[in-house]
Amino acid sequence: MNKVFTYDSTLRDGGQAQGIALSLKDKLSIAQRLDAFGIDFIEGGFPSSNPKDMAFFEAMRELPLAHAQVVAFGSTRKKGVAARDDEGLAALLESGAPVVAIVGKTWDEQVTRALQAPLEENVAMIADSVAFCKAAGRRVVFDAEHFFDGFAANPDYALACVKAASDAGADSVDLCETNGGALPFQVADVVAAVREALPHTPLGIHCHNDSGCAVANTLAAVGAGATTVQGTIGGIGERTGNTDLLTVIADLELKMGCTCVGPEKLHELTAVAQFVAALCNLSVPANQPYVGSAAFAHKGGLHASAIARFPQAYEHAAPEAVGNRQHMLVSELAGKATLIAKAESLGIGLEGADVQAILDDIKAREAAGYSYEVADGSLALLLRRSLGAYTPSFTLESFRVIVDDYEGSGALAQDAMSEATLKIHVGDQRFVATGEGVGPVGALDTALRLALGQSYPQVAVMELIDYKVRLLDESQGTDAITRVTITTTDGHRTWGTVGVSENVIEASWNALVDSIEYGLLAATES
C-alpha cells in the first residue's frame with residue numbers, strides 16, 4: 001500500500017490568514033473533525049507564542065483522539081543557549097503533544113542576515129534541538145525552512161542542515177517551500193536530491209501558494225519520494241495561502257494510487273471543507289476543486305447533453321467519491337437536456353411539456369437580469385407555473401415600508417429602523433401585519449411571517465441567511481436594474497431565490513416571496 005501521511009496545519013499556519021481568528025472551542029472542534037476524517041497529524045499551534053495555543057494542548061489531553069496525533073510547533077534553540085535551557089523547547093515538551101515540529105533555517109544567507117549566527121552554529125542548533133526532544137520521548141518532525149531557496153543558493157549547506165536533523169534522530173524531515181515561488185519541476189528535482197542524500201529518512205513537503213503551484217508542487221514532491229504532505233483545509237494561510245490539503249488528498253487517492261484517508265473517508269471530503277469553512281466564518285469557494293458547489297456543475301447545453309450519456313467527458317472524477325454532487329445550471333447557455341436534467345433534480349418532470357417554450361422564457365428572463373444559477377427555489381416555482389402546477393399560497397393587497405431616523409448631531413444617520421405594514425389574502429381571509437427590522441427587507445420579512453403564521457406555521461422555522469444586491473448596469477446609477485438574491489434555510493435544506501426590478505425593495509420583495517413560497521412547497525412535499 002502506497003501510504004502518504006497527512007499533516008494538517010489549519011490550526012497554526014491557517015490561523016495566520018487574513019480575517020481568520022479561531023477561538024479555542026473552534027480549534028478543538030476542528031481537531032476532532034479532522035481526526036474523525038482520518039488526518040494523521042494535526043498541528044495545534046505554537047505553545048510558546050500565546051496562552052490560547054497552550055490552552056489548546058492542555059484541553060487536548062482531556063480530549064483523546066481516535067487516530068490523529070497532535071503536533072506542537074516551535075523553533076530550534078536560540079543561538080548561544082543550551083537546548084535544556086531554551087524556553088521555546090521547554091514549552092514544546094510542556095505542551096504534552098506526542099509529536100513536535102521544530103523549524104530551523106537552511107538558507108545560508110538567512111542564517112547570516114536574519115538569524116545573525118555563524119553557519120556552524122545554526123547546524124548545531126538544529127542537531128541539539130532535535131536530539132533534546134527525541135531524548136524526551138517525542139516524535140520529531142524537522143521543518144526545513146526556506147529549503148528550496150537555500151538549496152538553490154548553497155546546496156551543500158542546505159543538505160548539511162537536514163542531514164544534521166536526520167543524524168540527530170528526526171523521524172521526518174519536511175522540506176518547506178516557504179516563500180511559495182518554486183515551480184513543480186524545481187521541487188521534484190530538489191526532493192529527489194534530498195532523497196538520494198538521506199535514503200533512510202522519511203521526507204515531507206510543506207508548500208505555499210504564492211505562485212499558484214502549492215498543490216502541484218506537493219504532488220511533484222510525492223512523485224519524487226516525499227511520504228508526508230502538509231497543508232491546510234481550503235488552502236487558507238498567510239499571503240496567498242498554503243497547500244489545499246483536501247485537494248492533495250483527493251488527487252493522491254484518485255489520481256496517483258496512494259492512500260491517505262481511504263475511499264470510505266474520502267466521501268467526507270466536501271463535508272470537511274464545509275465544516276472548517278463555517279468555523280472560520282468563510283464560504284467554500286464555488287470553484288474549489290472537488291468540494292466547491294461548481295466543481296461538478298454544468299451550464300452549457302452541449303456539456304449537459306453529453307453528461308447525460310458520457311459523464312467522464314466533463315467530470316474528471318465521480319462527484320460522489322468526494323461527497324459532492326452533480327449540478328445542472330440553467331442559464332441563457334442552456335439547452336433542452338440541461339433544463340430537463342435540472343428539472344429532474346428539483347423533482348419536476350417535463351414529460352409532455354413544451355420544453356423549448358420554457359427554455360425561451362428562461363432565456364428572456366436572463367436577458368432582463370434574472371439569474372437562476374443560485375436560485376433553485378425561483379427556478380422550481382417558474383417551472384411549476386409553466387406547467388400549470390402551481391397555486392400561490394397567498395396574494396398581496398399592498399405593502400408599505402417606512403425608514404425612520406432621528407439625529408440631532410449632524411447630517412449622518414445612525415441607528416435607523418424600518419417598519420413594514422402589509423395586507424395579504426390567504427384564501428378568503430385577509431391579514432394585516434406590521435413588522436420591524438434594522439433594514440426594510442428585514443421588516444418586510446418579519447411582517448410577512450406574522451401575516452402567514454396562522455395559516456402556515458411552517459414559516460416559523462424558515463430563516464433568511466444571506467441577502468445580496470447587484471446593480472446590473474452601474475452606468476445607470478440609481479436607475480439601474482437591480483438583482484436581489486436571497487438564501488433561506490429551514491434547518492434541513494437551503495435554497496436560493498431571485499428578484500429583479502429597477503426598485504430594490506420590489507426586487508427584494510419578489511425574491512422574499514419566492515423564498516417563502518418555495519419553502520412552503522418543499523415542506524408540503526417532504
Side-chain angles (χ1 to χ4, degrees), residues 18-21 26 233-234 236 270-271 273-288 291-295 297 299 324-325 327-331 342 345-346 365-366 369-382 401 403 416-418 420 435-450 452 458-472 480-501 503-523:
Q18 183 176 344
I20 302 296
D26 292 336
I233 304 303
I236 60 173
T270 301
Q274 294 170 343
F275 180 89
V276 174
L279 288 184
C280 292
N281 199 28
L282 300 171
S283 296
V284 176
N287 62 346
Q288 194 83 354
V291 300
S293 60
K299 184 173 180 178
N324 209 334
R325 64 187 180 92
H327 297 265
M328 292 296 177
L329 304 179
V330 174
S331 74
K342 183 64 179 181
S345 74
L346 295 172
R365 289 172 176 271
E366 293 239 344
Y370 284 83
S371 176
Y372 293 100
E373 293 181 25
V374 293
D376 279 0
S378 290
L379 179 61
L381 294 174
L382 174 61
V401 181
V403 180
M417 290 295 295
S418 299
E436 294 180 328
V438 174
V441 179
L444 282 169
D445 181 45
T446 300
L448 182 56
R449 293 169 195 278
L450 288 172
L452 289 173
Q458 304 97 313
V459 298
V461 298
M462 297 182 200
E463 180 183 3
L464 189 157
I465 58 174
D466 196 15
Y467 172 81
K468 291 185 174 70
V469 178
R470 181 178 177 187
L471 298 181
L472 300 182
I481 297 293
T482 303
R483 178 196 297 148
V484 171
T485 54
I486 286 176
T487 304
T488 308
T489 185
D490 61 6
H492 300 287
R493 61 176 72 85
T494 299
W495 60 93
T497 51
V498 61
V500 173
S501 172
N503 186 309
V504 66
I505 301 301
E506 182 177 285
S508 300
W509 169 260
N510 291 339
L512 179 61
V513 168
D514 271 8
S515 76
I516 297 294
E517 290 280 24
Y518 181 75
L520 293 174
L521 183 67

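Since the model is a prediction, treat every value here as computed from it, not as a measurement.
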Any idea which heavy atoms bring [X] and [Y] closest together, and the distance?
X    : Y    : result
Y518 : A380 : CE1-CB, 3.6 Å
A523 : R493 : N-NH1, 4.3 Å
Y372 : R365 : OH-CD, 3.2 Å
V401 : A420 : CG2-CB, 4.1 Å
G439 : S418 : C-OG, 3.2 Å
A443 : G437 : CB-N, 3.7 Å

- [ ] Could you please spell out the steps behind the side chain to side chain contact (heavy atoms under 4.5 Å, CB included) verdict for V498 and V484?
- [x] CA-CA 6 Å; V498 61; V484 171; over 6 Å; no
Would a 4.5 Å heavy-atom cut-off, applied to side chains only, mark [X] and [Y] as touching?
X    : Y    : answer
T482 : L471 : yes
L464 : L512 : yes
W495 : T489 : no
T446 : L444 : no
I516 : M462 : yes
I233 : F275 : no
I236 : C280 : yes
T485 : V469 : no

Open item on the list: Could you measure the distance from the CG atom of L452 to the CG atom of L520? Nearest 0.5 Å is fine.
Closed with: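 Separation between the atoms: 7.0 Å.
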- [ ] To the nearest 0.5 Å, tell me how far L279 CG sits from I20 CD1.
- [x]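 Interatomic distance, L279 CG to I20 CD1, rounded to 0.5 Å: 10.5 Å.
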- [ ] Enumerate the residue pairs fulfilling salt bridge (charged side-chain N to carboxylate O under 4.0 Å, His left out) with a member in residues 512-522, sequence neighbours excluded, ordered by first and then second residue.
- [x]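 Listed once each, the pairs are R385-D514.
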Task: R483 side chain to G369 backbone, donor-acceptor under 3.5 Å - done: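 Checking the backbone N and O of G369 against the side chain of R483, a donor-acceptor pair under 3.5 Å is found.
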Open item on the list: I'd like to know if the side chain of N324 and the backbone of G292 have a donor-acceptor N/O pair within less than 3.5 Å.
Closed with: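 Yes, because the side chain of N324 sits within donor-acceptor range (under 3.5 Å) of the backbone of G292.
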Task: Derivation of the side chain to side chain contact (heavy atoms under 4.5 Å, CB included) call for W509 and L448 - done: CA-CA 10 Å; W509 169 260; L448 182 56; 4.1 Å; yes
Task: Distance-only side-chain donor-acceptor flag, Y467 / S508, under 3.5 Å - done: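 Per modelled atom types, Y467 and S508 side chains form a pair under 3.5 Å.
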Open item on the list: Working note: T494 + T488, criterion side chain to side chain contact (heavy atoms under 4.5 Å, CB included); need CA distance, chi angles, decisive distance, verdict.
Closed with: CA-CA 6 Å; T494 299; T488 308; over 6 Å; no
